[in-house]
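Working notes, structure below.
By convention in this document, chain letters (A, B, ...) are assigned in the order of the sequence lines, proteins followed by strands, and residues within each chain are numbered from 1.
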2 protein chains.
Amino acid sequence: MATPRTSRVDPLTVEVVELIGTVVARYHEEYEREAGQHALTGSQARLLALLTLEPLPMRQIAVRLKCEPSNVTGIVDRLEARGLVERRPDPQDRRVKLAAVTDEGRRTARKLRDGLSFAREPLAELSHEERVVLRDLLARMLG
Amino acid sequence: MATPRTSRVDPLTVEVVELIGTVVARYHEEYEREAGQHALTGSQARLLALLTLEPLPMRQIAVRLKCEPSNVTGIVDRLEARGLVERRPDPQDRRVKLAAVTDEGRRTARKLRDGLSFAREPLAELSHEERVVLRDLLARMLG
DNA sequence: TATTGTTATACTCTATAACTATA
DNA sequence: TATAGTTATAGAGTATAACAATA
């Protein structure tokens with residue numbers, strides 16, 4: 001007993017896991033850095049990107065961001081103070097407030113997304129066929 | 001002009017980028033959740049894992065964690081208060097303090113690592129040959 | 001009664017600047 | 001004087017609990 005875990009997992013799997021960890025770390029660093037370029041925190045940038053797709057009730061935002069609804073109030077407050085997001089009433093239910101990006105917010109979101117070079121450049125190293133293989137492998141990994 | 005970005009990037013690349021984003025999100029969620037299982041924050045768990053490899057000066061920790069040295073004081077304080085980490089003097093330089101995991105900290109780090117099922121289970125879906133392909137593709141992506 | 005969003009509170013992480021003790 | 005670690009401070013994210021407005 002007391003066998004070290006690494007001896008129970010084959011070296012190839014360990015190597016792949018570490019590579020995935022590196023991808024995750026690099027992706028996150030770049031996202032935080034790019035958000036910072038626009039004076040946004042990571043949470044603010046994620047919410048802005050989310051609202052680019054469609055306006056959402058505060059409650060739904062909490063679900064998507066996987067945080068408590070009380071936190072959403074502050075994040076939307078700060079984005080709203082900068083004119084990137086606005087609160088709208090929901091005609092269907094007067095309890096609900098919809099958060100929606102403004103034109104300015106949409107421009108900021110687009111600039112931010114275009115700045116994320118990691119998402120594009122490393123893939124440029126791979127041929128079309130290799131991307132197909134990578135896509136299929138990742139899709140199977142994610143179930 | 002004003003061409004939407006998505007029309008400048010081929011759909012396959014977009015798909016792969018989104019898959020990577022999903023991997024990143026799932027990896028992070030699991031890490032935070034597993035850290036929480038042991039009443040640790042993500043930063044505390046990352047530092048604990050880092051110190052499992054070797055004791056480090058506070059200054060070096062800041063570099064590895066990519067944060068300011070002043071933040072390290074608090075994170076080490078909290079881990080030390082729980083007996084997972086200890087500060088040791090550096091015989092070479094009396095200004096330096098080395099942070100090192102305790103036996104208890106090592107046990108916690110091991111349990112935490114073993115709880116990270118995402119890193120193993122999805123790969124179980126792939127054959128040995130497929131893992132070789134995935135490893136090579138990721139390695140080329142990361143340069 | 002139940003739900004939506006908010007407020008109040010407390011803790012952690014974060015960066016900046018100033019401080020101390022060594023070098 | 002330069003460096004290592006800390007302290008002080010302030011802003012932001014997080015969870016919990018309690019609250020007002022609406023359903």
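- Nucleic acid contact for B/Arg87: sugar-phosphate only, since backbone atoms but no base atoms lie under 4.0 Å from a heavy atom of the residue.
- If you measure from atom NZ of A/Lys97 to atom P of D/dA20, you get 15 Å, rounded to the nearest angstrom.
- Protein atom CZ of B/Arg59 is 7 Å distant from nucleotide atom C1' of D/dG5, rounded to whole Å.
- Ion pair B/Asp77/B/Arg82 not flagged as a salt bridge, since none of the NZ, NE, NH1 or NH2 atoms sits closer than 4.0 Å to an Asp/Glu carboxylate oxygen.
- A distance-only check finds no donor-acceptor pair linking the side chain of B/Arg46 to the backbone of B/Leu65 [under 3.5 Å].
- Note: CD1 (B/Ile61) to P (D/dA4) measures 13 Å, nearest angstrom.
- For B/Gln44, whose side chain is taken as the heavy atoms from C-beta onward, the closest listed nucleotide among C/dC13, D/dT22, D/dG5 is C/dC13.
- To the nearest angstrom, P of D/dA15 lies 12 Å from NZ of A/Lys66.
- A donor-acceptor contact under 3.5 Å is not formed by the side chain of B/Arg95 with the base of D/dG5.
- A residue-by-residue look at A/Gly42 and A/Asp93 shows that A/Gly42 has its nearest nucleotide of DNA chain D further toward the 5' end.
- When the nucleotides D/dT14, C/dT14, C/dT16 are ranked by their closest atom to the side chain of B/Ile75, C/dT14 comes out on top.
- Looking at the side chain of B/Pro57, the nearest of the listed nucleotides C/dT12, C/dT6, D/dG5 is D/dG5.
- Side-chain atoms of A/Arg131 and B/Thr13 include a donor-acceptor pair closer than 3.5 Å.
- Interface remark: the B/Ser70 side chain does form a donor-acceptor pair with the C/dT16 base, using a distance-only criterion of under 3.5 Å.
- The distance between atom CZ of B/Arg33 and atom C1' of D/dA15, rounded to the nearest whole Å, is 17 Å.
- To the nearest angstrom, P of D/dA20 lies 19 Å from CE of A/Met58.
- With rounding to whole Å, B/Glu68 atom CD is found 17 Å from D/dT7 atom P.
- Nearest to the side-chain atoms of B/Val96 among the listed nucleotides C/dT6, C/dA15, D/dA4 stands D/dA4.
- In the set D/dT22, C/dT6, C/dT16, the nucleotide with an atom closest to the side chain of A/Thr73 is C/dT6.
- The side-chain heavy atoms of B/Leu98 and B/Val96, taken from C-beta on, include a pair separated by under 4.5 Å.
- Salt bridge A/Glu86/A/Arg88: present, at least one basic N to carboxylate O contact under 4.0 Å.
- Relative to the side chain of A/Arg94, the nucleotides D/dA15, C/dT12, D/dT22 differ in distance, and D/dT22 lies closest.
- With hydrogens and angles ignored, no donor-acceptor pair closer than 3.5 Å exists between the side chain of A/Thr41 and the base of C/dT14.
- Atom CG in A/Leu40 sits about 13 Å away from atom C1' in D/dA12, given to the nearest Å.
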